Amino acid sequence: MKVIKLLFQKMRQYDPKMLWMLAANAVSSALYPFIWVLVPAIILRYYKSWELWQLILLLAGAGILAMLFGFIVEWLQGNYRMRMNTVRYNLIHDLTEATLRMPYGNTLKPDMLDRIEFARNTVSNTQQGAGGIMLRFLPLFGEILAVFGFIGVLSSLSPWMLLVIAVLLITHFWGYKTIANVQEKAWQAFAPYWRRVYDMTNISHDPLRKKDILLYNTWEMLKTYILGFMQKFLEMYQSQLKTETKVGCLLAFVDLLRDVVIFGWVIVQFLNGRIDAATFVLYTGGLLSFILVMQSLARNLAEIQLESVRFSNYIKLMEEIDTQIAADKASTTAVSETSPDIEIRIEDLSFTYPNAEKPVISALNLTIPAGEKLALVGENGAGKSTLIKLLCRLYRPSSGRILMNGIDIWQYPEQDYFKKCGVVFQDAIIFPFSVKENVTMGDENQHEAYTKAKEQSGLKDIVDALPKTDETSLLRILDDAGVELSGGEKQKLFLARALFKESAHFLILDEPTAALDALAEKELYERFATFTENKTSIFVSHRLASTRFCDRIIFLKNGTISEMGSHDDLIALNGEYAELFELQAKNYRAEKAKNEFEGDLLGGQDG
């Protein structure tokens, strides 16, 4: 009932006209079958006493009435189905908004991702979940009214016959419910695979991956994985089909038995003269319509119950996310601190990923004074990116805390904290909007800040060379003439996006130069040293040479601070940092010598 009540609330909220359409359709569709049940019986009863014109008038009137009801039912049902989409689209919108607002840590939980995909299916599919329930509302209420009407018409029939029909209805309901339960079990069993099938299919369609798919003939491998999931689905479906066939055969036998008993009894009553021809036609026509309506009612009730179970997953997920969001809000306080000077203090910080045994960050302590430029370096897997996500308030620590100006960052209201942070992530993405929209992220009124961010990041020259400059669309999703930026150009755009946030006095650059060559990297470092002046900043890099301009360097290893100090201090320490720095410098010198030799060789050939 909770599911049905919620759906009616959503219908009333998003499109109230659907409710009166249901009511009008119920009355119209309930009356429609009685026309051709009652009219033949009336004709047989009164054809001797009525004039011909009266009979013709009755038939014409019945025909017109049937056409009118048929037209009304078709118009109401067609209009209702179109309006159903309004409710479904809003439910999809609500789910999308909830998943965007939910704690970011949920993205680490595969079961939560599966539940989100399952919930999305229950509202995006027109035949299942919310759509399936609303679709079956259309015939349901008319069938309920029709059942009561037929009981009234057939009330003079033997009570035993009505009891037999009731038992048969219960049998059909059991059968349809059994089939629905088998379908639901199969759907639930396949639920963990839906997301994987969806993701693998998207990979195979992704234009950015097509180069690798073509050059390495990866399609065969992708097809193997996708077909593997489909094979699992086929096995589940075959098992489901066997049960459906058995139950279907049983119901067919029950229907045969029903027809023999009920219609045989009516024929015997007629042959023995207990009922006249008009009553015989009324009973046979009425019983046939009554049985068909009862069967349809039983099927719709069973299917509504099934779809209610599916849609309840959506409701539970939304309630859980709302509870999580409310818990996060309850843990925040009204922070009045507005100082542009940002000091970060990390106290006994530990973090372990779900289902992992070892912590990625372990009992880490660190203080970053206001205005300091801090470099975070270390080998892959050291925990650098995880620490950045913890600092960004995306992951909640397993233990310990992070303080900004003496206040736990989880006590700040979410948006207030995010306003203080300007971040360029390693895996930042381009949106299919204009260049300006990609930088301002919707806040386009700050023209001065946008211009400044372009110049500081080095994006201005790139934008000026584009066909429509700032209004040039990126990617070819919303605009077929969209532009694809190079790796280095993307990094400058991401940098401009972070710098545009003038409220951000805590800057984090997570591998911002990964796609840049050495010269472009040097230019960006120089810019970075300028525009981070007086701002607390963290710079994550795998190129240790870039850390020289930083005030302090943290060498992270296995989630803890292995070495800390300035570049000169760490070189003098002659530890792991110095060893890795020397290795990178050696590789760089070898690459440089190779390039110079090839340049001299080509120069000699030209001469």
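Heads up: numbering here begins at 1 and tracks the sequence. The structure presented is a predicted model; accordingly, all values stated were derived computationally and were not measured.
- Counting only N and O atoms by type, the side chains of E448 and T451 include no donor and acceptor under 3.5 Å apart.
- Taking Y314 as the reference, F311 meet the ring-ring contact (aromatic ring centres under 6.0 Å, His included) condition, with sequence neighbours excluded.
- Applying the salt bridge (charged side-chain N to carboxylate O under 4.0 Å, His left out) test to residues at least two apart or on different chains, none of the pairs has a partner in residues 431-442.
- At a threshold of 4.5 Å between non-hydrogen side-chain atoms, the residues T367 and I346 do not count as touching.
- For N121, there are no side chain to side chain donor-acceptor pair (under 3.5 Å) partners, not counting sequence neighbours.
- L466 places a side-chain heavy atom less than 4.5 Å from the side chain of V435.
- The shortest distance between side-chain heavy atoms of T122 and Q128 does not fall below 4.5 Å.
- With a 4.5 Å cut-off on side-chain heavy atoms, D479 and L474 do not count as touching.
- Ring geometry, F351 versus Y353: the interplanar angle exceeds 60°, so the pair is classed perpendicular (tilted spans 30 to 60°).
- The ring-ring contact (aromatic ring centres under 6.0 Å, His included) check on H505 picks up nothing, with sequence neighbours excluded.
- Evaluation of the ring-ring contact (aromatic ring centres under 6.0 Å, His included) rule for Y104 yields Y395 as partners, not counting sequence neighbours.
- For T536 and E343, the side-chain atoms include no donor-acceptor pair closer than 3.5 Å.
- Scored by the ring-ring contact (aromatic ring centres under 6.0 Å, His included) test, F425 finds no partners at all (sequence neighbours excluded).
- Donor-acceptor pairing under 3.5 Å is recorded for the side chains of Q324 and N106.
- Remark: R396 qualifies as a cation-pi partner of W410 under the 6.0 Å distance and 45° angle criteria applied to the six-membered ring.
- N313 and R115 share no side-chain donor-acceptor pair at under 3.5 Å.
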